[in-house]
Amino acid sequence: MTDEREPVADGGGPGRGRMLLGGGVAVILLAVIGASVGWILAGEPERPAAPGDTAPVGAASTSASATTAPPTATARPNGTRSSAPAGLTVPEVVGVDFEQARRDLRERRLGWRLVFGTGAGRTVERTSPAPGTPVKRGTTVTVWVAGPAPAVTVPDVSTLSCSDAADDLVEAGLYPRYATGRQGPVTAQEPAAGGTARWNDQVTLTCGDKASTPPTVSPSPTP
């Protein structure tokens, strides 16, 4: 009698084994490829800088010291103001008449001291500080004159206050000397008005009210 049962598929044959092996390899390859593609798309992650690494030229520093460093302190003015007006300098007076030099210094509110020489002429030979030197207002400038001090007539200051008399003497090239103080009217002067002196000579002034004579006290009559 003929056996008509359908043949049963052989599940353990060599063909089926090769199919399973091939499918497993394919899955593994796909997984590896997918991971590689993901790594490439994501890019290489940052790595901590190793000691000795040098940042590329032009790269901004991101170190903690750079980001947290305090700003550079700006120098503050110390509040000190110069007493020298801008542009105030010793005028160029070398070679000019010493009286003109004195006027130039006075216009700039500078002091002066005349030093006369033994040569000839009235011109200025040099100054200290030198011409063009920046100075403060009120600075005394020493002026060296080539020749000796010229003669000058002593002005009459006997009717003036002591301060006004001093101004007139200085204007004339003389210097006041005070015998009794600088307050009150002039009561005497030496040399006298109209006398002859030379530049830089002193005139002695006696200033102040004349002492009043005490009243005479009559003796009381004898009883």
Side-chain angles (χ1 to χ4, degrees), residues 78-217:
N78 56 16
T80 302
R81 297 180 61 186
S82 173
S83 57
L88 181 60
T89 60
V90 176
E92 180 57 69
V93 294
V94 175
V96 305
D97 185 88
F98 75 87
E99 287 196 67
Q100 179 61 50
R102 188 180 72 156
R103 285 191 290 270
D104 291 346
L105 292 169
R106 179 181 292 174
E107 288 175 358
R108 289 164 174 77
R109 295 176 63 184
L110 298 173
W112 65 88
R113 185 171 73 91
L114 299 175
V115 179
F116 293 93
T118 57
R122 296 166 50 98
T123 58
V124 176
E125 291 185 321
R126 60 190 176 94
T127 66
S128 179
T133 302
V135 290
K136 299 178 181 179
R137 199 177 301 282
T139 298
T140 297
V141 179
T142 303
V143 178
W144 279 270
V145 184
V152 61
T153 301
V154 178
D156 183 1
V157 295
S158 61
T159 60
L160 303 177
S161 67
C162 200
S163 59
D164 289 343
D167 290 341
D168 282 8
L169 291 175
V170 171
E171 182 65 29
L174 303 170
Y175 288 93
R177 179 177 178 273
Y178 304 95
T180 58
R182 305 186 183 190
Q183 302 297 323
V186 175
T187 57
Q189 68 176 82
E190 180 62 36
T196 301
R198 291 190 175 274
W199 277 75
N200 284 357
D201 283 352
Q202 291 184 338
V203 176
T204 301
L205 300 177
T206 302
C207 302
D209 295 330
K210 292 182 179 180
S212 58
T213 303
T216 303
V217 178

Trace of the side chain to side chain contact (heavy atoms under 4.5 Å, CB included) decision for Arg198 with Asn200: CA-CA 6 Å; Arg198 291 190 175 274; Asn200 284 357; over 6 Å; no

Partner set under side chain to side chain contact (heavy atoms under 4.5 Å, CB included) for [X], not counting sequence neighbours:
| X | answer |
| --- | --- |
| Val186 | Ala165, Leu205, Cys207 |
| Ser161 | Ser163, Asp164 |
| Ala193 | Asp156, Gln189 |

Chi angles and distances behind the side chain to side chain contact (heavy atoms under 4.5 Å, CB included) call for Val143, Arg102: CA-CA 9 Å; Val143 178; Arg102 188 180 72 156; over 6 Å; no

Euclidean distance, Trp144 CH2 relative to Leu114 CG, rounded to 0.5 Å: 11.0 Å

Looking only at heavy atoms, which two atoms of [X] and [Y] are closest? And how far apart?
| X | Y | value |
| --- | --- | --- |
| Val90 | Ala130 | CB-O, 3.5 Å |
| Leu88 | Arg137 | CD2-N, 3.6 Å |
| Pro129 | Val135 | CG-CG1, 4.1 Å |
| Val124 | Phe98 | CG2-CA, 3.9 Å |
| Phe116 | Pro150 | CE2-CD, 3.7 Å |
| Gly208 | Thr187 | O-CG2, 2.9 Å |

Arg109, CZ: over 12 other non-hydrogen atoms inside 6.0 angstrom: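 Not buried by this count: 12 neighbours or fewer within 6.0 Å.
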
Neighbour count >12 (heavy atoms, 6.0 Å) for atom CD, Glu99: yes

Going by heavy atoms in the side chains, are [X] and [Y] under 4.5 Å from each other?
| X | Y | result |
| --- | --- | --- |
| Glu92 | Val94 | yes |
| Leu169 | Tyr175 | no |
| Asp201 | Pro191 | no |
| Val203 | Pro155 | no |

